[in-house]
Amino acid sequence: MVRVGLTGGVASGKSTVSALLAERGAVVVDADLLAREVVAPGTDGLAAVLAEFGPEVLAEDGSLDRAALGAVVFADESRRRALEAIIHPRVRAAGAALEAAATGDAIVVHDIPLLVETGQAELFDVVVVVDVPVEEQLRRMVGLRGMTEADARARVAAQASREQRLAVADHVIDNTGDLEQLRARVDEVYDALRARTDA
Ligand SMILES: CC(C)(COP(=O)(O)OP(=O)(O)OC[C@H]1O[C@@H](n2cnc3c(N)ncnc32)[C@H](O)[C@@H]1O)[C@@H](O)C(=O)NCCC(=O)NCCS
Ligand SMILES: Nc1ncnc2c1ncn2[C@@H]1O[C@H](COP(=O)(O)OP(=O)(O)OP(=O)(O)O)[C@@H](O)[C@H]1O
């Protein structure tokens, strides 16, 4: 097995890269998805978030009001840390359980937006960083996801810098080109990962 940590700034293209790696046969463990599952209705994670943040972050249908919670935590670092203290241990446990189900020669890719921020780079055999300039992250968040420029900037500000991510990278995937160029680069990286499992 080769254990890969995949990271990149918000809207850099991690999910797109994960999907391409999964097409090639990698097992993908998606931390953003797990971070949703651990606060689904009925979980102890949701109960813990409500105890910390109050009923203002509960939507009428009983699910977490992610927009309301995002507005709180991306405006206040101490509140963000409080949320992370609830979510991150649960995400790590869920990710470890998924990895335990993978077979011998698997390429297991952990897609972790905050890999650098949470000091996890050393936990992986290989670190892959999806890289775009901040201006491109902002363009995608505002243009493709309809966020305000201020909200988009707040998310970037809550994360490590591009340089901090690049400093821990074994492979860098530049995602400033089109999807065809991205696919070609992901194929190269996949082949390098596969060569490690064959060695
Ligand atoms: C605040 C929340 C409810 C906002 O939800 P929303 O649906 O708007 O965003 P989503 O979860 O899809 O995250 C989108 C992106 O925002 C960025 N982001 C999310 N949480 C954080 C954080 N704590 N710090 C910095 N960036 C973050 C990441 O790049 C992520 O890929 C949610 O992001 C959350 O629960 N965050 C805390 C858990 C966490 O740290 N998740 C990130 C990886 S485990
Ligand atoms: N090379 C590209 N050209 C044009 N659009 C792209 C490219 N790569 C990704 N995108 C688009 O940019 C947006 C962000 O990509 P994606 O969701 O893969 O990023 P992410 O890093 O997973 O985001 P998040 O940090 O929010 O989880 C998506 O709408 C995606 O379709």
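Every number for a ligand or one of its atoms is a count from 1 in the order of the listing.
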So if I count the atoms of ligand 2 from 1 in the order they appear, which ones are less than 4.0 Å from some heavy atom of [X]?
{"X": "Val10", "value": "25 (O), 26 (O)"}
{"X": "Arg145", "value": "14 (C), 16 (P), 17 (O), 19 (O), 23 (O), 24 (P), 26 (O)"}
{"X": "Asp32", "value": "27 (O)"}

What protein heavy atom sits nearest [atom], and how far away is it?
{"atom": "atom 38 (C) of ligand 1", "answer": "Ile87 CG2, 3.8 Å"}
{"atom": "atom 17 (C) of ligand 1", "answer": "Gln159 NE2, 3.4 Å"}
{"atom": "atom 1 (N) of ligand 2", "answer": "Asn175 OD1, 2.7 Å"}
{"atom": "atom 11 (C) of ligand 2", "answer": "Leu144 CD1, 3.6 Å"}
{"atom": "atom 13 (O) of ligand 1", "answer": "Arg155 NH1, 3.6 Å"}
{"atom": "atom 23 (N) of ligand 1", "answer": "Glu84 OE2, 2.7 Å"}
{"atom": "atom 2 (C) of ligand 1", "answer": "Arg66 NH2, 4.2 Å"}

Taking atom [atom1] of [X] and atom [atom2] of [Y], what is their separation to the nearest 0.5 Å?
{"X": "Asp125", "Y": "Met1", "atom1": "CG", "atom2": "CE", "result": "9.5 Å"}
{"X": "Met141", "Y": "Thr148", "atom1": "CE", "atom2": "OG1", "result": "10.0 Å"}
{"X": "His88", "Y": "Gln120", "atom1": "NE2", "atom2": "CD", "result": "8.5 Å"}

Review point. Counting both backbone and side chain atoms, is some N or O of Lys14 under 3.5 Å from an N or O of ligand 1?
Key: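 By distance alone, the answer is no.
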Any heavy-atom pair between the side chains of [Y] and [X] that's under 4.5 Å?
{"X": "Val132", "Y": "Arg140", "value": "yes"}
{"X": "Arg79", "Y": "Leu83", "value": "no"}
{"X": "Arg66", "Y": "Val39", "value": "yes"}

Check your understanding: In terms of side-chain heavy atoms, does Thr197 have a donor or acceptor partner in Asp105 at a distance below 3.5 Å?
Key ->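 No.
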Check your understanding: Can you find a side-chain donor-acceptor pair between His110 and Glu99 that sits under 3.5 Å?
Key ->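 The answer is yes; a qualifying pair exists.
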Check your understanding: Going by distance only, is there an N or O of Gly13 that falls short of 3.5 Å from an N or O of ligand 2?
Key ->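 N/O-N/O distance below 3.5 Å exists for this pair.
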Exercise for review: Compute the shortest N/O to N/O distance between Ala11 and ligand 2 and return yes if it is under 3.5 Å, no if not.
Suggested key: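 It does: an N or O of Ala11 is found under 3.5 Å from an N or O of ligand 2.
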Practice item. Validate the cation-pi geometry between Arg80 and Phe74: distance from NZ or CZ to the six-membered ring centre under 6.0 Å, angle to the ring axis within 45°. Key: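 No cation-pi geometry.
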**Study point:** His88 near ligand 1 by a heavy-atom separation under 4.0 Å
**Key:**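 Per 4.0 Å heavy-atom rule, His88 contacts ligand 1.
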Check your understanding: Pro113: heavy atom below 4.0 Å from ligand 2, yes or no?
Key ->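 Not so, Pro113 does not reach ligand 2.
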Practice item. Tell me, please: is Ser18 in heavy-atom contact with ligand 2, that is, under 4.0 Å? Key: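 In this structure, Ser18 fails to qualify as a contact of ligand 2 - no heavy atom is under 4.0 Å.
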Review point. What part of Arg140, side chain, backbone, both or neither, has a heavy atom within less than 4.0 angstrom of ligand 2?
Key: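 Side chain only.
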Check your understanding: Counting heavy atoms only, which part of Val17 comes closer than 4.0 Å to ligand 2: side chain, backbone, both or neither?
Key ->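 Neither part.
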